[in-house]
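Everything numeric in this text was worked out from a predicted model, so none of it was measured. Note: hydrogens, waters and symmetry copies are ignored here, and every other heavy atom, side chains too, is used. We're numbering straight along the sequence, starting at 1.
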Amino acid sequence: MTRSLATNPIIALKNMVKVIPALLLAGFVSSASAAVVTYDDPWEKANRTIFEFNDTLDTYALKPVAKGYDTVTPKPIQNLVSNFFSNLGEIRNTANALLQFKGSEALASIGRFGINSTVGMLGMVDVATPLGIEQKYEDFGLTLAHWGTPSGPYVVLPLLGSRTLRSGIGSVPDSMMNLQGQIQPERDQWTARGVDIVNTRASLLSSEDLIVGDRYTFIRDAYLQRREYLITGQLPEDDF
């Protein structure tokens with residue numbers, strides 16, 4: 001599963017932001033059930049084209065790099081890298097928990113960030129979890145869902161991969177809260193992003209054997225089921 005590029009993904013995402021007011025308005029007049037993920041895929045033809053582009057890029061570029069990285073980098077080091085970037089995500093978790101008025105979750109997330117950033121050596125060691133402070137994942141797409149905004153159809157974005165329209169729009173404010181964007185100089189910022197992407201891809205290598213049947217359908221349904229679980233807290237029925 002690659003992260004996603006089209007001709008100009010930045011412009012595409014900026015255009016998506018224009019529909020935020022309409023989606024929010026629709027959310028206020030919709031029923032609570034509208035916030036649950038829809039499995040509609042009206043853009044399947046275009047989605048499959050972008051999926052093939054992403055998959056080809058992954059096969060011939062990202063995956064070989066990830067395999068090399070996985071070969072030369074010990075698992076404990078990979079875990080340290082994963083923990084470091086996961087810790088940076090606590091800022092996003094905190095902000096979105098606050099936007100959903102989940103005070104206890106916000107306190108837990110900011111507490112995790114403070115503990116792991118100090119005692120945990122800049123987040124490379126997860127000290128908070130053994131202390132009983134569990135990570136609570138949140139993003140702006142989940143915040144929109146919390147306030148009743150419909151999910152919109154499934155969409156595959158160049159380089160970014162699987163999204164719903166709602167979570168795709170949510171990626172924009174989330175990116176603004178990403179501390180990677182604050183790293184200076186810019187060369188180091190892109191190095192950090194590259195390490196994060198390669199490390200994440202390496203962690204998925206062992207999961208590829210789980211994919212059966214049509215790759216597009218499997219990945220689409222797996223993504224939508226995960227989003228549904230994040231919203232409802234209930235495990236969907238396994239269709240695979």
Colleague: Report the residues that fulfil side chain to side chain contact (heavy atoms under 4.5 Å, CB included) with T232, sequence neighbours left out, ordered by chain and then residue number.
Modeller: V36, E228, Q234
Colleague: Apply side-chain contact (heavy atoms from CB on, under 4.5 Å) to residues R166 and V37 and explain how you reach the verdict.
Modeller: CA-CA 9 Å; R166 177 176 61 201; V37 171; 4.0 Å; yes
Colleague: Just by distance, with hydrogens left out, do S167 and R227 show a side-chain donor and acceptor under 3.5 Å apart?
Modeller: no
Colleague: State which residues pass side chain to side chain contact (heavy atoms under 4.5 Å, CB included) with E52; sequence neighbours excluded, sorted by chain then number.
Modeller: none
Colleague: Going by the rule side chain to side chain donor-acceptor pair (under 3.5 Å), which residues pair with Q78 if we only count those two or more places apart in sequence or in a different chain?
Modeller: D70
Colleague: So which of V127, L131, V125 actually passes side chain to side chain contact (heavy atoms under 4.5 Å, CB included) with V119?
Modeller: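 Passing option: V127.
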Colleague: Testing D41, N47, T49 for side chain to side chain contact (heavy atoms under 4.5 Å, CB included) with V156, which one passes?
Modeller: N47
Colleague: Linking I/L/V/M/F/W/Y whenever their side-chain heavy atoms sit closer than 4.5 Å, directly or via other members, would L230 and L98 fall into one cluster?
Modeller: no
Colleague: Go through the steps to decide whether Y39 and D221 satisfy the test side-chain hydrogen bond (donor to acceptor under 3.5 Å, both in side chains), and finish with yes or no.
Modeller: CA-CA 8 Å; Y39 285 74; D221 292 349; over 6 Å; no
Colleague: Identify, with sequence neighbours excluded, every residue that meets side chain to side chain contact (heavy atoms under 4.5 Å, CB included) alongside A95.
Modeller: M177
Colleague: With sequence neighbours left out, write down each residue that passes side chain to side chain donor-acceptor pair (under 3.5 Å) with R92, or none if nothing qualifies.
Modeller: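 In terms of side chain to side chain donor-acceptor pair (under 3.5 Å), with neighbours along the sequence ignored, R92 is linked to no residue.
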Colleague: For N79, give me all partners under side chain to side chain contact (heavy atoms under 4.5 Å, CB included), at least two apart in sequence or on another chain.
Modeller: none
Colleague: Does a donor on one side chain and an acceptor on the other come within less than 3.5 Å for N87 and E90?
Modeller: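 Note: N87 and E90 side chains miss the donor-acceptor criterion.
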Colleague: Regarding T94 and R112, is there a side-chain donor-to-acceptor distance under 3.5 Å anywhere?
Modeller: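 No, R112 and T94 have no side-chain donor paired with an acceptor closer than 3.5 Å.
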Colleague: Group every Ile, Leu, Val, Met, Phe, Trp and Tyr by side-chain heavy-atom contacts under 4.5 Å, then state whether V198 and I183 land in the same group.
Modeller: no
